[in-house]
Protein chains: 2
Amino acid sequence: MSAGNTGVTMLEPCGSPTHPDCGLRDVLDRLGDRWSVLVIAELSGGTRRFRELQRNVHGVSQRMLTLTVRRLERDGLVLRTAYPTVPMTVTYELTDRGRSLSELLRSLADWSSANREAVAQSRHRWDAEHPTDVT
Amino acid sequence: MSAGNTGVTMLEPCGSPTHPDCGLRDVLDRLGDRWSVLVIAELSGGTRRFRELQRNVHGVSQRMLTLTVRRLERDGLVLRTAYPTVPMTVTYELTDRGRSLSELLRSLADWSSANREAVAQSRHRWDAEHPTDVT
DNA sequence: CTGAATCCGAAAGGATACTG
DNA sequence: CAGTATCCTTTCGGATTCAG
């Protein structure tokens with residue numbers, strides 16, 4: 001079974017002595033939370049105001065949206081622009097860097113759509129075979 | 001600024017009335033935790049035993065590794081094989097579905113490597129311009 | 001409208017000890 | 001070796017209230 005490799009080269013090893021950290025750990029730390037990628041997805045449709053974001057990103061609280069867009073802005077993925085109107089107007093949009101990332105997220109979303117059914121079936125089967133476990 | 005779109009079609013809208021859920025939310029629920037992606041990355045290098053996984057996925061506790069591989073197995077991304085030797089031998093490997101996903105993760109890892117420096121600079125700049133915030 | 005501040009419950013995850 | 005069980009800390013994130 002050491003021949004179980006498929007010829008596909010391995011992803012950067014994470015946490016090995018020679019590779020104390022890997023790219024994936026970074027992405028996850030930045031986007032692994034509940035809202036970041038959903039906000040990016042919404043902004044991939046164009047510039048949005050704060051309220052628009054909150055309406056379109058289902059379930060996000062005001063607090064978490066604030067924290068999320070701030071972190072994304074800090075990482076240079078999102079551009080925030082404030083207009084001194086009254087009441088205040090603030091818009092958010094993806095930077096070039098943010099857009100390049102959103103392209104990758106699309107492939108992930110596509111993968112999920114394509115495999116959603118199969119994954120659901122796997123879970124069903126697994127649950128049937130492991131009645132005691134709650135998971 | 002409603003013209004802020006770049007011509008790139010939008011990612012599937014998440015949470016809108018017409019699209020109560022989107023693929024991204026699913027992927028995140030499955031892989032958004034701290035270890036799933038790293039385990040997949042490690043298994044992209046071939047079959048691994050439990051101990052090997054724990055050694056190569058830096059920082060994962062025995063408990064979390066157990067939970068993680070079980071969830072991945074439940075979703076049909078990982079195949080677990082137990083051999084009744086003594087002491088017990090258990091191996092883990094990616095299924096075809098898991099491998100198809102690991103391909104996408106590679107592009108994410110590449111993106112991270114390519115943008116790590118720029119993101120770090122963005123953060124530095126942001127932190128300098130917002131001295132009061134701790135983030 | 002766009003936040004900031006506080007409070008609090010839920011959940012994730014680590015450490016440790018024990019088992020087949 | 002490959003888990004399981006328990007405890008306990010930390011973090012995440014929702015609800016609410018206040019402010020510019």
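Proteins get letters first, then strands, A, B, ... in listed order; numbering begins at 1 in each. Fair warning: this is a prediction, and the values are worked out from it, not measured in the lab. Basis for what follows: all heavy atoms, side chains included, without hydrogens, waters or symmetry-related copies.
Considering only residues two or more places apart in sequence or on other chains, N115(A) meets the side-chain contact (heavy atoms from CB on, under 4.5 Å) condition with W111(A), V119(A), R97(B).
Projected onto DNA chain D by closest heavy-atom contact, P87(A) and W35(A) fall at different nucleotides, the more 5' of which corresponds to W35(A). Residue whose closest nucleotide on DNA chain D sits further toward the 5' end, between V60(A) and F50(B): F50(B).
Remark: the backbone N or O of A41(B) is paired with a side-chain donor or acceptor of S44(B) at under 3.5 angstrom. No side-chain donor-acceptor contact under 3.5 Å links S36(A) to the backbone of G32(A). Put simply, the side chain of S112(A) never gets that close to the backbone of L108(A): no donor and acceptor are under 3.5 Å apart.
Counting to the nearest Å, the P atom of dT11(D) and the CZ atom of R34(B) are 10 Å from each other. Put simply, CG on L65(A) is 11 Å from P on dG14(D), counting in whole angstrom units. In this entry the distance linking CD of Q54(A) with C1' of dC1(C) reads 11 Å, nearest Å. Between the CG atom of L53(A) and the C1' atom of dG3(C) there is a distance of 14 Å, rounded to whole Å. A straight line from CG of L67(B) to C1' of dA5(D) spans 12 Å, rounded to a whole angstrom. Atom NE2 of H130(A) is separated from atom C1' of dG3(D) by 14 Å (rounded to the nearest Å). Atoms CE (M64(B)) and P (dT4(D)) sit 13 Å apart, rounded to a whole Å. Atom-to-atom, CZ of R71(B) to C1' of dG3(D) comes out at 16 Å; the value is rounded to the nearest Å.
The end-to-end axis angle of the helix from dC1(C)-dG20(D) to dG20(C)-dC1(D), rounded to 10 degrees and based on five pairs per end, is 40°.
Of the listed nucleotides (dG13(C), dG14(D), dG3(C)), dG13(C) has the atom at the smallest distance from the side chain of D33(B). Residue M88(A) has its side chain nearest to dT2(C) when only dT2(C), dG3(D), dC1(D) are considered. The side chain of S61(A) has dG14(D) as its nearest neighbour among dG14(D), dG13(C), dA2(D). The side chain of R70(A) approaches dA4(C) more closely than any other nucleotide in the set dG14(C), dA4(C), dG3(D).
The pair R71(A)-D75(A) does not meet the salt-bridge criterion, since no charged nitrogen lies less than 4.0 angstrom from a carboxylate oxygen. With salt bridges taken as basic N to acidic carboxylate O contacts below 4.0 Å, none links R106(A) and D110(A).
Phosphate contact (OP1/OP2 of dT2(C), side-chain N/O of R49(A), threshold under 4.0 Å): present. At least one side-chain nitrogen or oxygen of Y92(A) sits closer than 4.0 Å to the OP1 or OP2 atom of dG3(C).
The heavy-atom pair separating M88(A) from R49(A) by the smallest distance is O-NH2, 3.8 Å.
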Can you pull every protein N or O that's under 3.5 Å from an N or O on nucleotides 5-11 of chain C?
none

With side-chain contact (heavy atoms from CB on, under 4.5 Å) as the test, would you mind laying out the steps for V90(B) and R80(B) before giving the verdict? CA-CA 7 Å; V90(B) 178; R80(B) 186 193 112 120; 3.7 Å; yes

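In this structure, the separation between CG on L79(A) and OH on Y92(A) is 10.5 Å, given to the nearest 0.5 Å. Summarising the geometry, atom CG belonging to L77(B) is positioned 8.0 Å from atom CG belonging to L94(B); distances are rounded to the nearest 0.5 Å.
Among the atoms of the strands shown, only primed sugar atoms or phosphate atoms (P, OP1, OP2) are found under 4.0 Å from some heavy atom of R51(B).
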